[in-house]
Amino acid sequence: MSPSSESSVILTLTLTCLLLASVTCQSLRELGHIPAPHAAFASLVNMEDSKSVTARSTLVITGFNPIPLFHDTVYQVTEIGRHLDDLSNAPVTEVTRGVTWPNEARQVPDAVFGRTGLIAVAGGFLVPLKDHGSLTLFDLDLSPPAKHALTSSSGEDSKWFYHRVEWKDMNGDGLLDLLTCRARTHLLGSTEGQMVWFEHPQENALSHPWQSHVIADGPDVFFTVTSLPTSEGDKECIITAGFFSKSLNIYWTTSPQNRWDDVSMIQKRVIDNTIGDAFDVTVTDLNLDGTLDLMVTNNALTHASLFAYTVPADFRTGDFSRRVLSTGYTSRTSGTGHGAPGSALLVSPRTDVTAQKPYILVSGDDAGQAFLVQPSSNSTSDWSYQQSVFLDVGHGTVGGIAAGDVDGDGYNEVFVPAFNEGKVYVFTFKP
């Protein structure tokens with residue numbers, strides 16, 4: 001490159017950053033990768049008892065083998081912050097081979113059992129011999145991690161597959177129950193879904209399966225629990241992204257005590273049933289205007305999108321206005337069961353900067369890429385975004401992304417599973 005060309009590039013980059021109107025012009029830098037066969041979902045668990053910042057975070061990776069009768073694995077890398085300089089030699093250990101097709105692994109809030117170090121793993125999928133799912137807890141404070149099954153290996157609850165769990169007191173007894181969505185397929189190919197909660201027992205909660213209660217038919221994979229405005233004040237609700245049912249829905253209860261154990265008091269509203277396979281939903285204030293938004297992805301072979309829905313003054317009656325933040329996501333693998341993108345994750349490059357619009361990390365799923373979607377400016381009226389690819393694994397699958405500052409340097413690290421390569425790529429926002 002000639003000196004004049006270099007000057008032109010520098011000038012262009014400078015002007016671009018100035019046009020971003022106080023939004024930090026920042027990119028991701030690759031640190032290396034961690035070996036993990038069939039890596040599918042990454043998550044970070046905060047071990048609060050650790051005194052050192054670099055020892056506080058455990059990276060949990062789920063990996064499912066698509067071949068029936070072959071085992072699946074949940075991995076962990078303890079004290080991940082200590083290993084960023086030598087990721088290929090990070091101590092990857094097995095949590096279990098005892099969960100069929102493990103999907104998301106999420107930290108259990110301390111308030112559920114009054115302790116740290118627990119994760120909940122949701123399992124199962126529509127693959128033959130792996131479609132009987134489960135909900136399982138693991139205690140990472142113990143070596144090897146102790147296992148607690150919340151669903152039995154037989155009976156009705158084992159005939160479904162599960163992807164995500166949340167924790168919420170559903171019956172007003174003061175104990176946090178497990179909330180989830182589940183799905184199953186039938187011989188003729190049809191798929192049904194349910195939103196269901198599992199009741200936290202008053203005693204011996206970790207010694208036997210929990211009782212399930214169906215809330216509604218329809219919801220099937222991902223969802224979120226939140227509070228949204230109404231004319232009488234904020235109200236708790238559940239938003240479901242229907243992948244098989246192809247509908248983005250919202251549920252709430254009319255119970256004066258905000259209980260969900262009486263299905264006759266549960267109301268439902270369709271937010272949008274025109275985007276096809278709704279993949280995931282997150283609630284946030286995307287443009288920092290003081291009004292909440294829904295960040296939603298759909299999943300398709302071609303032309304899928306990342307959407308924003310502005311929450312109305314009363315979510316029960318008002319219109320959710322929809323905007324497209326980025327589009328054109330396309331699967332590199334054709335055929336049934338493939339699509340792009342996956343979930344979207346909010347992240348700030350620096351942990352001490354909160355007055356700027358968040359960045360968005362998008363898992364490409366079968367697009368084989370991971371995307372960084374940055375706001376074009378910090379103006380509340382500007383809904384334009386700039387998208388770049390920060391990982392490209394070709395004709396492979398990129399799974400669920402995790403992010404957090406694991407080494408205490410003030411910059412967030414990003415963990416991206418590459419399923420076909422059997423790796424988790426690690427990036428940092430630190431220049």
Taking every non-hydrogen atom, the tightest pair across Ala370 and Val398: CB-CG1, 4.3 Å

Ring centre gap for [X] and [Y] strictly below 6.0 Å:
X: His303; Y: Tyr329; answer: no
X: Phe390; Y: Phe371; answer: no
X: Trp252; Y: Phe315; answer: yes

Separation between CZ (Phe161) and CG (Asp131), nearest 0.5 Å, reads 8.0 Å

One should read off an interatomic distance between Asp407 CG and Thr428 OG1, to the nearest 0.5 angstrom, of 6.5 Å

Would you say the side-chain atoms of [X] pair up with the backbone N or O of [Y], donor to acceptor, closer than 3.5 Å?
X: Asn298; Y: Phe279; answer: no
X: Asn378; Y: Ala355; answer: yes
X: Asn299; Y: Asp277; answer: no
X: Asp217; Y: Gln194; answer: no
X: Asp285; Y: Gly290; answer: yes

Establish, for the pair Arg350 and Tyr411, whether the NZ or CZ atom is under 6.0 angstrom from the six-membered ring centre and no further than 45 degrees off its axis.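 Arg350 over Tyr411 ring: yes.
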
Once the angle between the rings of Phe419 and Phe64 is folded into 0 to 90°, is it parallel (under 30°), tilted (30 to 60°) or perpendicular (over 60°)?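 Phe419 and Phe64: tilted rings.
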
Let me see the working for Arg29 and Glu413 under salt bridge (Lys or Arg N to Asp or Glu O under 4.0 Å), right down to the final yes or no. CA-CA 9 Å; Arg29 176 170 59 89; Glu413 282 76 45; over 6 Å; no

Does some side-chain heavy atom of Asp365 sit less than 4.5 Å from a side-chain heavy atom of Thr397?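 Yes - at least one pair of side-chain heavy atoms lies under 4.5 Å apart.
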
Residue of the set Phe125, Phe70, Phe41, Tyr162 for which ring pair (Phe, Tyr, Trp, His ring centres under 6.0 Å) holds with Trp101: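 With Trp101 as partner, ring pair (Phe, Tyr, Trp, His ring centres under 6.0 Å) holds for just one option, Phe125.
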
